[in-house]
Amino acid sequence: MKRFAQVGLLVLAGLGLLHTSLFTDEYLRFVKAGMRPLLIASGVLLIGLGAAEAWPGRRPGGGDAHGHDEDHGPGHGHDRADDHGRAEAHADAHADAHADAQAYGDGGRHEGDGHGHGDGRDDGVRVGDGDGGHGHDHSRVPRVAWLLFLPVLSLLFYAPPALGSYTASREPAKVVAVQEDAFDPLPATSPLPITLTEFTQRVQQDRSRAIKGRTVRMTGFVTSADGDGWYLTRIVISCCAADSTTLKVRVYGPAAPKADTWVTVDGTWHPGGALGTSSAEVAVDARGVTKVDKPSNAYMDAVPLAS
């Protein structure tokens, strides 16, 4: 890839990382919040590499060009001597090629249309050819290389959205970790703010059945479901969007809002299966559904904010 393209790619990639991680919260669509310092450092490093690549002193042959510009100084005389030496080497190569052609005899020199000598000359020229005689121009940038600019420019002008209902509808619900210790008593607050993870654990693992009859409040985005109801959903990540997992609570009652709409649901556990065991259905009978703003960090199973 040519130098200007290399410099442009490095600088734009660095600016894109700084734009998403330093000046906006868009990086949270791809990685967890703890990765922000590394993204900022990477952006600065890429810009620095681009600046170093663009520095005139790093250009190939930069020293020769400087010596030639010094108004016929000592460097100029040295360059002329080098040019003279290269000319003599080229002449020797041409003479060797001509001698090889003569070794084949008169028939080899004057065969066919009488251009045997010309063939030898062509071979001599190929010896000194810059492309090694392959006939390919390796200085050109492959067309496919320009596609590298597309993801870089997207960081600057259009960052892809966070994962949503399209991904969640194609993944099974995450199996939550087993609570080894006894569950703490639930606060008397009503409705009780709770995460989707804790609600799932309470429904399927809490033998005291403390969640029965309690009005809970959970926040997530809407995902369609087969059969009755719809899903209140959260996508959580450990490091980046590639390792995402999905949490789902089926909601019965009100009609489903538009997919990917963020809502807060108030409701009680929907009877199904034996509460406190793995057979219990992770679902609620909704008493109220309220649209809310999408949180800046959508990849956290957070407790709903107090209204």
Side-chain angles (χ1 to χ4, degrees), residues 25 28-29 161-177 179 183-237 244-307:
D25 292 330
L28 293 174
R29 302 179 185 181
L163 301 179
S165 62
Y166 179 85
T167 300
S169 62
R170 286 159 176 77
E171 291 185 358
K174 174 186 176 182
V175 178
V176 299
Q179 179 78 14
F183 286 88
D184 296 330
L186 289 173
T189 306
S190 184
L192 174 67
I194 193 171
T195 65
L196 275 64
T197 298
E198 186 179 359
F199 180 78
T200 302
Q201 289 176 326
R202 289 282 184 175
V203 167
Q204 295 189 333
Q205 300 176 26
D206 187 5
R207 299 291 182 176
S208 68
R209 303 178 181 178
I211 202 71
K212 185 176 182 180
R214 294 294 304 272
T215 301
V216 296
R217 172 171 290 174
M218 296 177 287
T219 297
F221 62 87
V222 177
T223 303
S224 60
D226 296 332
D228 296 336
W230 44 278
Y231 286 119
L232 184 68
T233 312
R234 283 275 196 172
I235 292 179
V236 296
I237 62 175
S244 63
T245 55
T246 304
L247 297 166
K248 298 178 181 178
V249 174
R250 187 180 285 267
V251 179
Y252 292 99
K258 184 180 178 180
D260 289 315
T261 302
W262 280 82
V263 296
T264 293
V265 175
D266 294 345
T268 56
W269 175 67
H270 175 82
L275 185 61
T277 68
S278 58
S279 66
E281 183 180 6
V282 184
V284 294
D285 289 319
R287 296 181 178 179
V289 176
T290 306
K291 292 183 179 180
V292 296
D293 294 331
K294 180 180 178 179
S296 58
N297 189 352
Y299 292 136
M300 290 182 61
D301 184 24
V303 174
L305 298 176
S307 57

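Sequence positions, counted from 1, serve as the residue numbers for this chain. These figures come from a predicted structure and were not determined experimentally.
The minimum heavy-atom distance between Y231 and S224, with the atom names listed, is CD1-O, 3.7 Å. In terms of heavy atoms, T268 sits closest to G213 at CG2-O, 4.2 Å. Residues V303 and P193 come closest through the heavy atom pair CG1-CB, 3.3 Å. Between L196 and D301, the shortest heavy-atom distance links the atoms N-OD1, 3.2 Å. Smallest separation of non-hydrogen atoms from A302 and R234: O-NH2, 3.5 Å. Listed here is the closest heavy atom pair of A162 and K294: CB-NZ, 3.7 Å.
With rounding to the nearest 0.5 angstrom, the CG atom of D25 is 8.5 Å from the CG atom of N297. Here the CG atom belonging to L186 is positioned 7.0 Å from the CD atom belonging to E198, to the nearest 0.5 angstrom. Considering NZ of K291 and OG1 of T264, their distance stands at 13.0 Å, rounded to 0.5 Å. The distance from atom CE of M218 to atom OG1 of T200, rounded to the nearest 0.5 Å, is 8.0 Å. In this structure, CG in D293 is found 11.0 Å from OG1 in T219, a value given to the nearest 0.5 Å. Rounding to the nearest 0.5 Å places CZ of R214 at 9.0 Å from CD1 of I194.
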Assess the residue pair V222 and V251 against the criterion (side chain to side chain contact (heavy atoms under 4.5 Å, CB included)); give the C-alpha distance rounded to whole Å, side-chain angles, the decisive distance to 0.1 Å, and a yes or no.
CA-CA 10 Å; V222 177; V251 179; over 6 Å; no
With side chain to side chain contact (heavy atoms under 4.5 Å, CB included) as the test, would you mind laying out the steps for F199 and L232 before giving the verdict?
CA-CA 12 Å; F199 180 78; L232 184 68; over 6 Å; no
Pair up each side-chain donor or acceptor in residues 204-212 with any protein partner under 3.5 Å, not counting sequence neighbours, and list the distances.
{"unit_1": "Q204", "atom_1": "NE2", "unit_2": "A280", "atom_2": "O", "d": "3.0"}
{"unit_1": "Q205", "atom_1": "OE1", "unit_2": "Q179", "atom_2": "N", "d": "2.6"}
{"unit_1": "Q205", "atom_1": "NE2", "unit_2": "A177", "atom_2": "O", "d": "3.2"}
{"unit_1": "D206", "atom_1": "OD1", "unit_2": "S208", "atom_2": "N", "d": "3.1"}
{"unit_1": "D206", "atom_1": "OD1", "unit_2": "S208", "atom_2": "OG", "d": "2.6"}
{"unit_1": "D206", "atom_1": "OD2", "unit_2": "R202", "atom_2": "NH1", "d": "3.1"}
{"unit_1": "D206", "atom_1": "OD2", "unit_2": "S208", "atom_2": "OG", "d": "3.1"}
{"unit_1": "R209", "atom_1": "NE", "unit_2": "L275", "atom_2": "O", "d": "3.3"}

Could you pull out every donor-acceptor pair under 3.5 Å between side chains of residues 165-173 and any protein atom, sequence neighbours left out?
{"unit_1": "S165", "atom_1": "OG", "unit_2": "D260", "atom_2": "OD1", "d": "3.0"}
{"unit_1": "S165", "atom_1": "OG", "unit_2": "D260", "atom_2": "OD2", "d": "3.0"}
{"unit_1": "S169", "atom_1": "OG", "unit_2": "S165", "atom_2": "O", "d": "3.0"}
{"unit_1": "S169", "atom_1": "OG", "unit_2": "Y166", "atom_2": "O", "d": "3.1"}
{"unit_1": "R170", "atom_1": "NH1", "unit_2": "Y166", "atom_2": "O", "d": "3.0"}
{"unit_1": "E171", "atom_1": "OE1", "unit_2": "T246", "atom_2": "OG1", "d": "3.0"}

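Each ring-ring contact (aromatic ring centres under 6.0 Å, His included) pair with one or both residues in residues 251-275, not counting sequence neighbours, appears once here: F221-W262, Y252-H270.
Neither side chain, T195 nor T197, offers a donor N or O lying under 3.5 Å from an acceptor on the other.
A donor-acceptor contact shorter than 3.5 Å is absent between the side chain of R250 and the backbone of V282.
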